[in-house]
Amino acid sequence: MSGPELLAREAQRWLRFAAEDLAAAQRMLADRSSAPRHVCRHAQQATERALKAAPAPEGIDFPFTHDLNALRNLLPASWSVRTEHADLAGLTEWAVQTRYPGEWPIRANMG
């Protein structure tokens, strides 16, 4: 397998994980007994993994971070995600904070 093929395969792996996290978030969202923090955690992870997949085919290394703004900023300036999602800090917070006890709602109250 050539270098570009390996890079594309790596991107596909990241995208598969992102799709799995998104599907988990959607299932939890539909199950109104799920804690919102779990839904948000999976949504954050789906976004993080998709952002890490994007530069992989170009051979661009990404930092090991949960900072979605930093990952988004690795993308080419011409990509719409750079302007359409100018601030991902709110979603970034769900990467770590939800792992530990805090002031999180016990059950989803989504409608």
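Numbers here simply count residues along the sequence, with the first being 1. Please read these numbers as outputs of a predicted model, since none were measured by experiment.
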For Thr65 and Asp67, the nearest pair of non-hydrogen atoms, with its separation, is OG1-N, 3.0 Å
Between the CG atom in Leu22 and the CZ atom in Arg27, the distance rounded to the nearest 0.5 Å is 10.0 Å
Between Ile60 and Leu74, the two heavy atoms sitting closest are CD1-O, 4.4 Å
Carefully, step by step, assess Gln44 and Glu93 under the rule side chain to side chain contact (heavy atoms under 4.5 Å, CB included).
-> CA-CA 8 Å; Gln44 185 283 334; Glu93 292 180 25; over 6 Å; no
Rounded to the nearest 0.5 Å, the NE2 atom of His42 sits from the OG atom of Ser34 at a distance of 9.0 Å
Checklist entry - Does atom CZ of Phe62 have more than 12 heavy-atom neighbours, drawn from other residues, nucleotides or ligands, at distances under 6.0 Å? => result yes
Can you confirm whether Asp61 sits close enough to Pro55 that some side-chain heavy atom of one is under 4.5 Å from a side-chain heavy atom of the other? no
Heavy-atom nearest pair, Leu68 first then Thr92, reads N-OG1, 3.0 Å
Backbone of Asn69 reached by a side-chain donor or acceptor of Asn73 within 3.5 Å: yes
TODO: State whether the number of non-hydrogen atoms from other residues, nucleotides or ligands found under 6.0 Å of Arg82 atom CZ is greater than 12.
DONE: yes
Linking I/L/V/M/F/W/Y whenever their side-chain heavy atoms sit closer than 4.5 Å, directly or via other members, would Val81 and Trp14 fall into one cluster?
yes
Checklist line | Hphob cluster co-occupancy, Leu91 + Phe64, side-chain heavy atoms under 4.5 angstrom | finding: yes
Show your reasoning for whether side chain to side chain contact (heavy atoms under 4.5 Å, CB included) applies to Arg72 and Leu88.
CA-CA 9 Å; Arg72 185 215 46 239; Leu88 297 171; 4.0 Å; yes
Residue pairs meeting salt bridge (charged side-chain N to carboxylate O under 4.0 Å, His left out), one or both in residues 40-54, sequence neighbours left out, come to Asp21-Arg49, Glu48-Lys52
Heavy atoms of Ala18 and Ala50 approach each other most closely as CB-N, 3.7 Å
Heavy-atom nearest pair, Leu75 first then Ala54, reads CD2-CB, 3.3 Å
